[in-house]
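All remarks here apply to the structure that follows.
Values reported hereafter were calculated over all heavy atoms of this structure, with side chains retained and with hydrogens, waters and symmetry mates removed. These figures come from a predicted structure and were not determined experimentally. Throughout, protein chains are lettered first and strands after them, A, B, ... in sequence-line order, and every chain is numbered starting at 1.
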Amino acid sequence: MQSVTVKEIYRETDQFLNQKVELSGWVRTVRSSKAFGFIEINDGSFFENIQVVFEESLTNFTEIGKLTISSALRIQGTLIPSPGAKQPFELKAEQIELLSLSAADYPLQKKRHTFEYLRTIAHLRPRTNTFAAVFRVRSVVAYAIHKFFQEKGYVYVQTPIITGSDAEGAGEMFRVTALDLAKPPRDEVGNVDFSQDFFGRIASLTVSGQLNVEAYCMAFRNVYTFGPTFRAENSNTARHAAEFWMIEPEIAFADLVDNMNLAEEMMKFIIQYAMDNAPEEMAFFNNFVDKTLFERLENILGSEFGHITYTEAVELLEKENSNFEYPVHWGTDLQTEHERYLTEKVFKKPVFVSDYPKGIKAFYMRLNEDDKTVAAMDLLVPGVGEIIGGSQREERLDVLQNRMKESGLSEEDYGWYLDLRRYGGVKHAGYGLGFERVIMYLTGMSNIRDVIAFPRTANSCEF
RNA sequence: UCCUCGAUAGCUCAAUGGUGGAGCAACCGGCUGUUAACCGGUAGGUUGUAGGUUCGAGUCCUACUCGGGGAGCCA
């Protein structure tokens, strides 16, 4: 007898209809009567379940009628058209083998649970519809990102997780050490002596692969990293996690406009790919998580992203200052309320804000001709806020050295980074895309903890 | 870290300072096409923790812990 998956049955129904098949999976619900019953089975291969019909004639009929949710079964039967309106076909069981009986205190029930509760059982929540959909989309999108860059000839660089440099000061870093924390070695003045640590120096978990990937950009022209990053910031929001994944492309012989064009093309590719390759999951999100999802995503696919410079944005926002808790003025960073106003009220679609004051941006961003702004860009999207941050990098050695001096960074720590300018450095640009924020945007899920399998946030490292 | 709201049965929620309940889940039984199946019954509680006020506290007060929403920081 042919062993099949639920996905195969749904995708190639004609091949299996009125045929004997064998199916293995887990029980989602059981509805049993005196002489017959229904079981919904999910086998993990597909978002949808398949309904199994069983009758008294089964030798283990009574046992099957008392099955607990999440028990594992192997079923042999015939796939037939279903008389019920809610499914196109069903499996009429001829034999049901109980592979594993789930304990009766299984915590997931046939009803809605709050996301907060499901977070406390993160090891079981992928068995729910919502999380099954989230994590399949996450997988599909991860593949889409590789596909997008690989098909353009980009080289995937695996930048290090453990780093000796505090890249860009992007945030507080987690220290990596093999020292005995109860009695670490001390130097003459009593400070911890990290020269005796495993790496012979202070080491941390990376906050960004950017500086490393710039080195490979100067060899391979177009490159990207895609991996985990870590921030020890004590930020308690629905958009921040201590461990999250970033995509960081870096492109050579390219400026800020090329950078923004790449970002827009990538975003559209990802959205289209998810719609095409996880249609059941995306429909679920549109129906049960965010009713405006499809409208929003289709609007994006069919329109050009907005563009506005920081200076233009400030002029525009200043007219609305009476409506803001924090008034806007040139030189300070835009607040969340200002970003939301721009992307949700003014543009009603993703918008690039570019050319920020140099004082509020990182040292490596390229200084503009006005000497006041840098070639930086953020992509703001409705609902999520900042999803991409990027810039054209400063390729002029003397300007970069000046900016480092202004930022209080020592040249010794960044010697290798300066080498990239000395030895054939050319203009280049890149950006960082928060992977989880893309997933949130694509699914309508509103908390980053619900798009990471086992989320790590301040005061939370379960599982 | 700050502001704000919350924590009661396994889950989702009720309960005027005066005897802690319901729906779902579990368990037992019934039911010939169910769709969060339905119907009947049983069992289930140190009201987040520690103090305090009161004749009496789930309810009022204080601190703490955990969680939601907002802010800062950012991706």
Check your understanding: Does B:G20 pair with anything, Watson-Crick or G-U wobble, both distances under 3.5 Å, and if so, with which nucleotide?
Key -> none

Review point. Under 3.5 Å, is there an N or O donor on one side and an acceptor on the other linking the side chain of A:E337 and the base of B:G70?
Key: no

**Study point:** A:D355 side chain vs A:T309 backbone, donor-acceptor pair below 3.5 Å
**Key:** no

Review point. What about A:E55: does its side chain form a donor-acceptor pair under 3.5 Å with the base of B:U32?
Key: no

Check your understanding: Quantified in whole Å, what is the P atom distance between nucleotide B:G40 and nucleotide B:C55?
Key -> 47 Å

Practice item. For nucleotides B:U34 and B:G70, find the distance between their P atoms and express it as a whole number of Å. Key: 43 Å

Study note, to complete from the structure: Pairing partner of B:U47, by Watson-Crick or G-U wobble and under 3.5 Å for both distances, is none

Review point. Quick one: the side chain of A:E40 and the base of B:U34, do they pair up donor-acceptor inside 3.5 Å?
Key: no

Exercise for review: If B:C2 has a Watson-Crick or G-U wobble mate with both distances under 3.5 Å, name it; if not, just say none.
Suggested key: B:G70

Review point. P atom, B:U8 versus B:A50: distance in rounded Å?
Key: 16 Å

Review point. Looking at A:R393 and A:E250, does any basic side-chain N land under 4.0 Å from a carboxylate oxygen?
Key: yes

Exercise for review: For nucleotides B:U12 and B:G69, find the distance between their P atoms and express it as a whole number of Å.
Suggested key: 15 Å

Revision key, fill the gap. With the side chain defined as heavy atoms from C-beta on, A:R231 is closest, among B:C74, B:G10, B:U34, to B:C74

Review point. Is there a donor and acceptor pair, one atom on the side chain of A:Q109 and one on the base of B:G10, closer than 3.5 Å?
Key: yes

Review point. Side chain of A:V53: nearest nucleotide among B:G33, B:A71, B:G69?
Key: B:G33

Exercise for review: Provide the distance between the two P atoms, one in B:U1 and one in B:C11, to the nearest whole Å.
Suggested key: 27 Å

Point to revise | Between B:A37 and B:A25 - P atom distance, rounded Å | key: 8 Å

Review point. Of the nucleotides B:A26, B:A37, B:G72, which one has an atom closest to the side chain of A:A104?
Key: B:A26

Check your understanding: Has A:Y216 got more than 12 heavy atoms of other residues, nucleotides or ligands less than 6.0 Å from its OH?
Key -> no

Practice item. Look at the side chain of A:Y117 and decide which nucleotide, out of B:C11, B:U32, B:C73, has an atom nearest to it. Key: B:C11

Check your understanding: Any idea which of B:U12, B:C27, B:G72 is nearest the A:T68 side chain?
Key -> B:C27

Exercise for review: Under the side chain to side chain donor-acceptor pair (under 3.5 Å) rule, what do A:S70 and A:R127 come out as? Steps first, then yes or no, please.
Suggested key: CA-CA 9 Å; A:S70 209; A:R127 306 176 188 201; 2.9 Å; yes

Practice item. Counting Watson-Crick and G-U wobble pairs only, both distances under 3.5 Å, name the nucleotide matched with B:C38, or none. Key: B:G30

Review point. Rounding to a whole Å, what distance do you find between A:I121:CD1 and B:U12:C1'?
Key: 14 Å

Review point. If you look at every strand shown and take non-hydrogen atoms under 4.0 Å, does A:P83 touch a base, only sugar-phosphate, or nothing?
Key: base

Exercise for review: Please assess A:S208 against A:E248 for the test side chain to side chain donor-acceptor pair (under 3.5 Å), listing each intermediate value before the final yes or no.
Suggested key: CA-CA 8 Å; A:S208 165; A:E248 295 175 285; 2.8 Å; yes

Review point. So what's B:A9 paired with, Watson-Crick or G-U wobble, going by both distances under 3.5 Å?
Key: none

Exercise for review: Counting heavy atoms from C-beta on, name the nucleotide in B:G29, B:U32, B:U35 closest to the side chain of A:K66.
Suggested key: B:G29

**Study point:** Presence of donor-acceptor pair under 3.5 Å, side chain of A:H113 and base of B:C11
**Key:** no

Exercise for review: In whole angstrom, give me the gap between the C1' atoms of B:G23 and B:A15.
Suggested key: 15 Å

Practice item. Rounded to whole angstrom, note down the P distance from B:C27 over to B:G21. Key: 25 Å

Exercise for review: Would you please classify the geometry between the A:Y417 ring and the A:F363 ring as parallel, tilted or perpendicular, with 30° and 60° separating the classes?
Suggested key: perpendicular

